[in-house]
Amino acid sequence: MKTEERRVVEIVVRSQDQANEEEFDGLPVVEVLKPRLIVMSKGEEGEEKEIELPDVRLLGEDGEDDGGLRVHGPDRAKTWKKVSEWIQDIVIDNHPVIQEKRHQNRVKAESSYLYGQEDPELYEWQEDEEILEEMRPQYSSLRNQLVEQIGNPTRSDFAELYPHKYDDPGLSEQARRTVRDLKAVFGSDILIKA
Amino acid sequence: MTEEIKEVEETEEGSILDNLNRRDFIKGAAAAVGGVLFSSSVATNLEAAAHNGQDYVIVSEVVKGSAGSVGPPCQLTSTFKKGEQIVWHAVLFSGSTGEKLNDHKELMDRGMKVQVELENGDTVDMHHSEHPPDESPKIYYWGGSWKISPGVPTGKMTYKIMAEDDEGRTGTLEMFGDKTVDTFPHVLTIEEK
């Protein structure tokens, strides 16, 4: 199977008034944003593809008469997560240095697997700040668009999306993994306090 | 591993494995890809091939690749997260004699092609090469990988592996439909990351 070369272009957001009487925490859903990621293939034809991202529901603020809206946190978390995954797929996974490091990981892991060697120390792309800083300008416009449309993700967005099963302080493993990837992709300042 | 090999030799005497060059198999590809489980698979797969008149018997395993891996790569698993890489390993045997077919030059001379076909219609070409790629001693087997895009739906996914040479001789490892065929893992699970 051939891997198609692509680049991320922009995020477009359409909105739709909410007809159903859906509520979260007693607040009505008044609008639903439908963000799409636009991806362009790098071939001569440069075909454009629209990728559906998770819907983001906007809630009417309690007691607000001026039409103030609040983004439903878990929806925002899902959208940031999905955009982060697509950037990993399209940009980060194709960086030659990361590919070479992963090849080295494979050699180490196969040697360990085949010959019972000790667990090797493996490269983790999330910790390679030098390479990540080099790549971020390629998709910084997406970050800005998303911040403008739905706001920065917050820690509590992820805590709500992936609740900790033991209900003790801190994020669940899935939430921590997602936040780690998100900070690596967009920079550690992407996450703000709620 | 030593004890496992001994167990295979003792318990499978007289089986279809008699037709295999057992020590060579265990030292080579089997040792590389799962020992007892792999050896047992050869027996069931050979029986299935004999029933179905297949020319080639395929024995395979599935591991996690190095790209996008959550946790260490090269681990046997049937559950993958989006962004991870599914890697298939396979070794071929003759359906008629049970002989392991793993000589690189011979396989290339036969024009052997091995391919994984996924439930969604995607295909993955497998390549016969040395593992690990940069170290010795090396072991040959067929390998192919498929990276799980963020757009792939979560849930179960089946696949089959097919082998064919220049003269039209074939072998297929179907994950469903024949209880005598090795069925580990018979279905893969894809989860959100």
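Protein chains get the first letters and strands the later ones, always in sequence-line order, with residue 1 at the start of each. All heavy atoms count here, side chains included; hydrogens, waters and symmetry mates do not. Not measured: the values here are computed from a predicted model.
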How long is the straight-line distance from CZ of Arg106(A) back to CD of Gln85(B), given to the nearest 0.5 Å? 8.5 Å
Can you tell me how far OG of Ser112(A) sits from CD of Gln75(B), rounded to the nearest 0.5 angstrom? 7.5 Å
Can you get from [X] to [Y] by hopping between Ile, Leu, Val, Met, Phe, Trp and Tyr side chains that sit under 4.5 Å apart?
X         : Y         : result
Val12(A)  : Met40(A)  : yes
Met108(B) : Ile58(B)  : yes
Leu76(B)  : Val91(B)  : yes
Leu161(A) : Leu33(A)  : no
Met135(A) : Leu142(A) : yes

Tell me, for Leu122(A) versus chain B, whether the close heavy atoms (under 4.5 Å) come from the side chain, the backbone, both or neither. side chain
Atom group of Glu85(A) that falls short of 4.5 Å from chain B, counting heavy atoms: both
Could you look at Val87(B) and say if it's the side chain, the backbone, both or neither that has a heavy atom under 4.5 Å from chain A? neither
Flag the pair Lys82(A) and Glu192(B) as a salt bridge only when some basic side-chain nitrogen lies within less than 4.0 angstrom of an acidic carboxylate oxygen. yes
Ionic contact status for Lys82(B) with Asp89(A), cut-off 4.0 Å: no
Is it the case that more than 12 heavy atoms not belonging to [X] sit under 6.0 Å from its [atom1] atom?
X         : atom1 : answer
Glu100(A) : CD    : yes
Glu130(A) : CD    : no
Glu50(A)  : CD    : yes

Looking only at heavy atoms, which two atoms of Gly151(B) and Trp86(A) are closest? And how far apart? N-CZ2, 3.4 Å
In the structure I gave you, are the side-chain heavy atoms of Gln174(A) and Glu191(B) within less than 4.5 Å of one another anywhere? no
Check: Lys193(B) and Asp181(A) side chains under 4.5 Å, non-hydrogen atoms: yes
Looking only at Ala67(B), Pro72(B), Cys74(B), the option with the highest number of non-hydrogen pairs under 4.5 Å against chain A is Cys74(B)
Ser66(B) side-chain N/O to His103(A) backbone N/O, donor-acceptor pair under 3.5 Å: no
Using a cut-off of under 4.5 Å for heavy-atom pairs, which of Asp93(A), Ile90(A), Ile92(A) has the most such pairs with chain B? Asp93(A)
With chain B, the option among Glu124(A), Lys81(A), Gln88(A) that has the most non-hydrogen atom pairs under 4.5 Å is Lys81(A)
